[in-house]
Enquirer: 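Once you've had a glance at the structure underneath, I'll fire off some questions.
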Amino acid sequence: MISVIDCQMGNIGSVVNIIKHIGHDAKIITTPEEVLAADKLIFPGVGHWNNGVANLNASGLKPAIYEAVLEKKTSLLGICLGMQLLFKESEEGDKEALGLIPGSVTRFKFDQSHKDPINPERKLRIPHMGWNVVNPVGEHPIFNDWAEESRFYFVHSFHANHVPPENQLMTCHYGYEFVCAVHKDNVWGVQFHPEKSHKFGMRLLKNFIENI
């Protein structure tokens with residue numbers, strides 16, 4: 001059973017549906033007791049940093065997530081804002097989040113007229129929205145049966161920053177190379193949306209559920 005944490009940060013039904021589609025049971029959870037009883041946790045989110053932190057604190061789930069991850073060693077996967085909240089701080093807000101991954105979150109550092117250095121005919125806009133190739137960093141069970149050019153769906157204006165090399169899991173290029181997935185011990189996070197990324201997202205979630 002995969003437990004999907006609901007902190008009122010967007011529609012999480014699509015995450016549950018894709019997990020069921022690949023042959024596993026999933027349920028939405030909202031209480032500390034359910035977090036502590038989970039076999040594996042997925043933490044999705046969309047929206048503004050401060051709202052996300054406020055929802056996390058108001059839910060009463062923050063201490064339970066710490067206990068589950070740090071003491072019980074339950075595997076946790078953060079998605080989009082859920083990944084960003086694995087860090088302690090962000091340029092988007094002034095509240096402190098979980099701090100489970102070293103680094104921080106920053107806004108893309110170019111203006112609306114910036115041209116892609118790889119494809120100068122292409123103007124880059126913020127948010128980074130749409131499909132993009134991700135590049136694995138090193139070897140990891142989450143990359144089992146990985147397609148050579150795995151593409152995932154992104155919607156974001158902020159990204160991970162100052163992540164130590166040992167905690168970088170994947171990178172992506174949008175104006176410049178940035179870290180789009182992170183890992184430390186039993187905690188993983190992805191900036192993109194695997195639940196919207198068709199066969200590539202299904203492969204990643206299947207590997208997280210079955211191989212980690």
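Side chains are part of it too, since the values below use all heavy atoms of this structure and drop only hydrogens, waters and symmetry mates. Just so it is clear, the model here is predicted, and its values are computed rather than measured.
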Enquirer: Identify whether Y176 and I126 are in the same connected component of the hydrophobic contact network (ILVMFWY, side-chain heavy atoms under 4.5 Å).
Expert: yes
Enquirer: Any heavy-atom pair between the side chains of L98 and F43 that's under 4.5 Å?
Expert: yes
Enquirer: Are the side chain of Y66 and the backbone of L61 linked by a donor-acceptor contact shorter than 3.5 Å?
Expert: no
Enquirer: Is there side-chain contact between H128 and Q191, with at least one heavy-atom pair below 4.5 Å?
Expert: no
Enquirer: Report the relative orientation of the aromatic rings in F108 and H159; use parallel for angles under 30°, tilted for 30 to 60°, perpendicular for over 60°.
Expert: tilted
Enquirer: Pair N211, I142 - check side chain to side chain contact (heavy atoms under 4.5 Å, CB included), show working.
Expert: CA-CA 7 Å; N211 299 324; I142 208 165; over 6 Å; no
Enquirer: Partners of F87 by ring pair (Phe, Tyr, Trp, His ring centres under 6.0 Å), sequence neighbours excluded?
Expert: none
Enquirer: Where do C172 and F154 come nearest, in terms of heavy atoms and distance?
Expert: SG-CZ, 3.8 Å
Enquirer: Would you say K88 has more than 12 foreign heavy atoms packed within less than 6.0 Å of its NZ?
Expert: no
Enquirer: Are more than 12 heavy atoms from other residues, nucleotides or ligands located less than 6.0 Å from atom CE of M129?
Expert: no
Enquirer: Do Y174 and H156 get their side chains close enough for a donor-acceptor pair, meaning under 3.5 Å?
Expert: no
Enquirer: Between atom CZ of R203 and atom CH2 of W146, what is the distance when rounded to the nearest 0.5 Å?
Expert: 9.5 Å
Enquirer: Measure across F158 and S90 and return the closest heavy-atom pair with its distance rounded to 0.1 Å.
Expert: CD2-OG, 4.3 Å
Enquirer: Distance-only check: which donor-acceptor pairs under 3.5 Å involve side-chain atoms of residues 3-10, not counting sequence neighbours?
Expert:
unit_1	atom_1	unit_2	atom_2	d
D6	OD1	Q8	N	2.9
D6	OD2	Q8	NE2	3.4

Enquirer: Any non-hydrogen side-chain atom of F178 less than 4.5 Å from a side-chain atom of T106?
Expert: no
Enquirer: Name the atoms and distances for all side-chain donor-acceptor pairs under 3.5 Å in residues 15-25, with sequence neighbours left out.
Expert:
unit_1	atom_1	unit_2	atom_2	d
N17	ND2	G13	O	3.3
H24	NE2	E210	OE2	2.8

Enquirer: Do W131 and H198 pair up side chain to side chain, a donor and an acceptor below 3.5 Å, judged on atom types alone?
Expert: no
Enquirer: Side chain of H48, backbone of E92: donor and acceptor closer than 3.5 Å?
Expert: yes
Enquirer: Ignoring hydrogens, what is the shortest heavy-atom contact between M83 and A181? Give both atom names and the distance.
Expert: SD-CA, 4.5 Å
Enquirer: Look up atom CG in L204 and atom CD in E195, then write down how far apart they are to the nearest 0.5 Å.
Expert: 11.0 Å
Enquirer: Test your reading of the model: is there a side-chain donor-acceptor pair from N144 to the backbone of N207, 3.5 Å cut-off?
Expert: no
Enquirer: Looking only at side chains, do E89 and S104 share a donor and an acceptor under 3.5 Å apart?
Expert: no
Enquirer: Given side chains that start at C-beta, do those of I2 and I42 come closer than 4.5 Å, heavy atoms only?
Expert: yes
Enquirer: What's the spacing between N135 CG and E177 CD if we round to 0.5 Å?
Expert: 6.5 Å
Enquirer: Are L205 and M170 linked, directly or through intermediate hydrophobic residues, by side-chain heavy-atom contacts shorter than 4.5 Å (ILVMFWY only)?
Expert: yes
Enquirer: Sorted by first residue and then second, give each salt bridge (charged side-chain N to carboxylate O under 4.0 Å, His left out) pair with at least one member in residues 33-60; sequence neighbours left out.
Expert: none
Enquirer: Distance from K199 atom NZ to S150 atom OG, nearest 0.5 Å?
Expert: 8.5 Å
Enquirer: Which heavy-atom pair separates S157 from P127 by the least distance, and what is that distance?
Expert: OG-CB, 3.3 Å
Enquirer: With heavy-atom distances below 4.5 Å as the criterion, would you say the side chains of V46 and N11 are in contact?
Expert: no
Enquirer: Around atom CD of E91, are there more than 12 heavy atoms from other residues, nucleotides or ligands closer than 6.0 Å?
Expert: yes
Enquirer: Return a table of donor-acceptor pairs under 3.5 angstrom between the side chains of residues 70-78 and protein atoms on other chains or two or more places apart.
Expert:
unit_1	atom_1	unit_2	atom_2	d
K72	NZ	L36	O	2.4
K73	NZ	L70	O	3.2
T74	OG1	A68	O	3.3

Enquirer: Can you find a heavy atom in the side chain of I29 that is under 4.5 Å from one in the side chain of V35?
Expert: yes
Enquirer: So, applying side chain to side chain contact (heavy atoms under 4.5 Å, CB included) with V182, which one of L169, V163, L100 is it?
Expert: V163
Enquirer: Does a side-chain heavy-atom distance below 4.5 Å link I212 with W188?
Expert: yes
Enquirer: Give every residue pair that meets the salt bridge (charged side-chain N to carboxylate O under 4.0 Å, His left out) criterion with at least one member in residues 151-173, sequence neighbours excluded.
Expert: E149-R151
Enquirer: Do V133 and F143 land in one hydrophobic cluster if side-chain heavy atoms of ILVMFWY residues count as linked below 4.5 Å?
Expert: no
Enquirer: Say you draw a straight line from CD of E67 to CD1 of I65; how long is it, rounded to the nearest 0.5 Å?
Expert: 11.5 Å
Enquirer: What's the spacing between N132 CG and F192 CZ if we round to 0.5 Å?
Expert: 11.0 Å
Enquirer: Honestly curious: do V190 and V69 fall in one hydrophobic cluster under the side-chain, below-4.5 Å linking rule?
Expert: no
Enquirer: Measure from the side-chain N and O atoms of N50 to the backbone N and O of D94, and report whether any donor-acceptor pair falls under 3.5 Å.
Expert: yes
Enquirer: Taking C-beta and beyond as the side chain, do L85 and W49 meet within less than 4.5 Å on heavy atoms?
Expert: yes
